[in-house]
Structures are given as C-alpha cells and as structure tokens.
K.L.:
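Would you mind keeping the following structure in view while I ask a few things?
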Amino acid sequence: SKGASKRVEGRPHGLKLLFAGERGTGKKMASRILAAELDLAVFSIDLASVLSQDSVETEHRLERIFATAAGSSAILYLNDAEAWFGKRSHSSDDGWAGMAVSQLLRRVEAYRGVVVFATALMSEIDDELIGRVDYLVDFPFPDEAARRSIWRLLLPADARVRDRDLDFLAASFQLPGGAIRDCAAAAAAAAAQAGVALDMRHLMRAVEQAYSGRIQGARTREAFERFHGGAWVPPEEPLAAAAPVGESAPTFARPRARPI
C-alpha cells in the first residue's frame with residue numbers, strides 16, 4: 001500500500017537487504033512478494049553488467065539506474081552482488097574498481113527506498129557489504145521434504161502422478177525450487193501439446209533437460225536408469241484422487257533473517 005511505501009521511505013537511509021542462497025532458491029520471488037506487499041515495482045539489475053573499466057561510464061550507468069528507480073520508488077534488486085563485493089573481485093591496486101564500489105555505496109546509502117543485494121556465493125561476499133545492510137536473509141537449498149512439497153504444489157490436479165512418484169522425484173533429483181518450477185511448466189506444456197494428461201514421462205524428460213550439462217551423481221544416474229529400465233508403470237488415477245490439493249497444504253519455512 002501507499003502507506004507501507006511511505007513507512008519505508010521514512011527511514012533515514014531506506015531499507016538495505018542482502019539475500020543469500022543458491023540460484024533457484026527464491027531470492028527474486030521474495031523480492032516480488034515484498035514489492036506486492038508494498039505496492040511497488042521491482043527494478044532488477046545484473047550488477048556484473050554495470051561495472052565498466054571506464055569509471056565515467058560506470059558512474060553514468062549508476063546514475064541512470066538510481067534515477068529511474070527513484071522516479072517510481074521501486075525496489076532495487078541488485079543481482080550478482082559478488083561481482084562488486086566479492087573478496088577476490090578486485091585487487092588492492094585496482095583503483096577504478098574501488099572507486100566504482102564507493103560510487104555504488106554512496107548511491108545506495110542515499111536511496112530512500114528498498115535495496116536488495118542478491119548473491120549465490122555468500123562465502124565470497126566481503127564484510128564491506130555485510131556491514132552496510134540492515135538484514136541478511138538466508139535462503140536454504142530445499143531438502144527432500146521441501147522438494148516433494150514443491151513438486152506437489154506445482155503439478156496440476158489431473159496429473160497422472162502418484163505419491164510414490166513424488167517421493168522418487170524428491171529423493172533422486174536435488175533441484176532447487178526454481179528448477180522444479182521450470183520442469184513442471186515444461187512438462188505441462190509438453191502434455192498439453194500432445195493433448196494428454198501430464199505424467200512421469202513428461203516430468204522425466206523435463207528433469208533430464210534440466211540436468212543437461214550438469215554433473216550427475218551416482219544417485220541421479222541410477223534414477224534415470226531405473227525409470228528408463230521399465231520400473232515405472234502409468235497410474236490409473238490422477239494425483240488429485242490420491243491427495244486432493246486442499247486436503248493437506250504444503251508448508252514452507254520462512255527464510256531466516258537476522259539483523260547485522
């Protein structure tokens with residue numbers, strides 16, 4: 001609401017957050033939820049694309065970013081924070097890089113809205129940034145139970161997928177929530193194009209595509225081999241018949257937050 005926006009802007013230096021977690025664990029989604037609660041837009045910036053060896057060009061880019069965000073009081077979502085604040089992102093004799101970091105920090109401090117730094121490499125983040133933010137929010141990688149809940153939540157009610165299929169997906173494939181969402185969407189699209197109900201064949205093709213180019217552990221390879229070896233038999237009833245959506249809603253732990 002507008003009242004919420006005013007409360008954020010009423011802080012002397014706005015609100016500065018650091019979201020830390022592997023890719024696909026919900027950092028950007030959380031910023032969108034925050035924006036919806038405050039009735040604000042999200043202005044997403046890849047920090048790695050802003051940094052230039054020309055200090056004047058870097059300053060011009062920063063000026064455009066913050067001027068645009070200030071015009072709508074948008075939440076600034078600054079992804080890949082390690083590109084600027086990584087412990088090894090620049091050496092001590094890189095004067096231009098130090099100047100760029102100082103320019104960014106000055107603008108962040110002056111911004112009266114919400115600034116969210118995001119990183120998938122928290123261990124690489126320098127204390128200089130950690131000491132500047134109001135809250136550090138940790139987004140843990142989903143464990144097996146959480147992965148099962150995410151799969152269950154994202155599949156359509158008429159999916160021909162059983163509880164044991166969900167157990168198999170959650171136990172065999174260590175995917176973050178974002179990757180599970182992409183797999184579910186790809187599988188649903190493939191099933192719709194074929195004019196059939198979504199089943200494990202569509203899901204497994206999507207999962208295999210998600211693992212394309214990734215290093216596969218022994219458990220993952222064994223899971224693919226088991227499925228393609230004929231161990232899976234299509235169910236007669238859709239997923240909804242075994243566990244209706246409204247009967248047991250999955251719960252998710254809130255990301256942990258602590259003041260700096």
Side-chain angles (χ1 to χ4, degrees), residues 19 21-37 42 44 120 138-256:
F19 286 2
E22 294 187 40
R23 297 190 185 281
T25 51
K27 300 185 296 297
K28 184 171 287 187
M29 181 178 69
S31 71
R32 291 170 177 162
I33 293 173
L34 178 60
E37 288 292 324
V42 178
S44 181
D138 176 45
F139 290 76
F141 194 92
D143 60 14
E144 183 176 329
R147 292 195 297 272
R148 189 188 190 285
S149 294
I150 296 170
W151 277 114
R152 180 64 184 84
L153 180 67
L154 293 174
L155 294 181
D158 64 347
R160 300 282 173 168
V161 180
R162 294 159 293 201
D163 285 344
R164 68 188 187 193
D165 295 325
L166 297 178
D167 294 338
F168 171 76
L169 289 169
S172 303
F173 307 110
Q174 296 188 26
L175 296 169
I180 294 175
R181 175 202 60 208
D182 294 342
C183 288
Q193 185 175 14
V196 298
L198 182 153
D199 64 31
M200 278 291 285
R201 289 167 292 194
H202 304 107
L203 289 172
M204 286 298 291
R205 280 196 290 269
V207 170
E208 285 179 308
Q209 185 62 37
Y211 270 93
S212 177
R214 294 190 184 195
I215 297 176
Q216 297 181 12
R219 177 183 291 186
T220 301
R221 291 195 300 271
E222 180 184 353
F224 284 131
E225 290 170 0
R226 284 173 54 201
F227 181 82
H228 292 301
W232 180 81
V233 178
E236 296 180 0
E237 297 294 332
L239 178 63
V245 173
E247 186 173 288
S248 179
T251 58
F252 298 90
R254 293 182 181 274
R256 299 186 298 277

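None of the values given here were measured: they were computed from a predicted structure.
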K.L.:
How many angstroms lie between atom CG of Asp158 and atom CZ of Arg160, to the nearest 0.5 angstrom?
P.N.:
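Separation between the atoms: 7.5 Å.
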
K.L.:
For Asp143, which residues count as a side chain to side chain donor-acceptor pair (under 3.5 Å) partner, sequence neighbours excluded?
P.N.:
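Applying side chain to side chain donor-acceptor pair (under 3.5 Å) to Asp143 gives none.
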
K.L.:
Just verifying a value: how many Å separate His202 NE2 and Cys183 SG, rounded to the nearest 0.5 Å?
P.N.:
14.0 Å

K.L.:
Check whether any side-chain N or O of Asp165 sits under 3.5 Å from a backbone N or O of Arg162 as a donor-acceptor pair, and report yes or no.
P.N.:
yes

K.L.:
For Arg205, which residues count as a side chain to side chain donor-acceptor pair (under 3.5 Å) partner, sequence neighbours excluded?
P.N.:
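Residues passing side chain to side chain donor-acceptor pair (under 3.5 Å) with Arg205: none at all.
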
K.L.:
Measure the spacing between CD of Gln174 and CD of Glu144 and express it to the nearest 0.5 Å.
P.N.:
9.0 Å

K.L.:
Say you draw a straight line from CG of Leu169 to CG of Leu155; how long is it, rounded to the nearest 0.5 Å?
P.N.:
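Result: 8.0 Å between the selected atoms.
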
K.L.:
With Phe19, which residues qualify under ring-ring contact (aromatic ring centres under 6.0 Å, His included), at least two apart?
P.N.:
Phe139

K.L.:
So, Arg148 and Asp163, do they make that salt bridge, N to O below 4.0 Å?
P.N.:
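Looking at Arg148 and Asp163, the cut-off is met.
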
K.L.:
How far apart are the closest heavy atoms of Pro142 and Gly177, and which atoms are they?
P.N.:
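Shortest heavy-atom separation between Pro142 and Gly177 comes out as CG-N, 4.0 Å.
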
K.L.:
Minimum heavy-atom separation for Pro156 and Leu198, please, with both atom names.
P.N.:
CD-CD1, 4.3 Å

K.L.:
Please report the closest heavy-atom contact between Pro176 and Gly24, naming both atoms and the distance.
P.N.:
CB-O, 3.5 Å

K.L.:
Test Arg164 against Asp167 for salt bridge (Lys or Arg N to Asp or Glu O under 4.0 Å), laying out the working first.
P.N.:
CA-CA 5 Å; Arg164 68 188 187 193; Asp167 294 338; over 6 Å; no

K.L.:
Given Leu203, which of Phe173, Trp151, Phe168 fulfils the side chain to side chain contact (heavy atoms under 4.5 Å, CB included) condition?
P.N.:
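Exactly one pass, corresponding to Trp151.
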
K.L.:
Looking only at heavy atoms, which two atoms of Val42 and Arg32 are closest? And how far apart?
P.N.:
CG2-CA, 4.1 Å

